[in-house]
Amino acid sequence: MLLRRIEKFLERTGMPVTKFGRLAAHDPRLVGDLRNGREPRSAMVRRVEHFMNIFAENVHAA
C-alpha cells in the first residue's frame with residue numbers, strides 16, 4: 001500500500017508531509033488526501049515511488 005510506504009519514508013527522513021507532497025507529486029495535500037481515503041492512479045504511485053527511491057539513493061550516496 002502506497003500510504004504505508006510513504007509513512008515509513010516520512011518517519012525515516014523526518015520530512016514534513018506537505019514538503020513530501022510538493023517534491024514527489026507537486027501536490028502539498030497528497031499525504032493528507034491519501035490519509036483521508038484518496039485512491040491514487042497508477043501513474044501517481046509510480047511517480048511517488050520513483051521519488052522515494054531516488055531520494056534514498058541520493059542520501060546513501062552522500
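Along the sequence shown, residues are numbered consecutively beginning with 1.
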### Task
Mind jotting down which residue pairs meet the salt bridge (Lys or Arg N to Asp or Glu O under 4.0 Å) criterion with at least one end in residues 39-48? Sequence neighbours excluded, please.
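Residue pairs with at least one partner in residues 39-48: there are none.
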### Task
Mind jotting down which residue pairs meet the side-chain hydrogen bond (donor to acceptor under 3.5 Å, both in side chains) criterion with at least one end in residues 7-19? Sequence neighbours excluded, please.
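Checked against side-chain hydrogen bond (donor to acceptor under 3.5 Å, both in side chains) - neighbours excluded - the pairs reaching residues 7-19 are E7-R35.
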### F20 versus M15, closest heavy-atom pair with distance
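That would be CA-SD, 3.5 Å.
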Please report, to 0.1 Å, the donor-acceptor pairs under 3.5 Å made by any side chain of residues 22-34, with sequence neighbours excluded.
from : atom 1 : to  : atom 2 : distance (Å)
D27  : OD1    : R29 : N      : 3.0
D27  : OD2    : R38 : NH1    : 2.9
D33  : OD2    : R38 : NH1    : 3.4

### Query
Taking the side chain as C-beta and beyond, is there a heavy-atom pair between L2 and P40 under 4.5 Å?
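Side-chain contact under 4.5 Å: yes.
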### Task
Determine, using the 4.5 Å side-chain heavy-atom cutoff (strictly less than), whether I54 and L10 are members of one ILVMFWY cluster.
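As far as the 4.5 Å side-chain criterion goes, L10 and I54 are not connected within one cluster.
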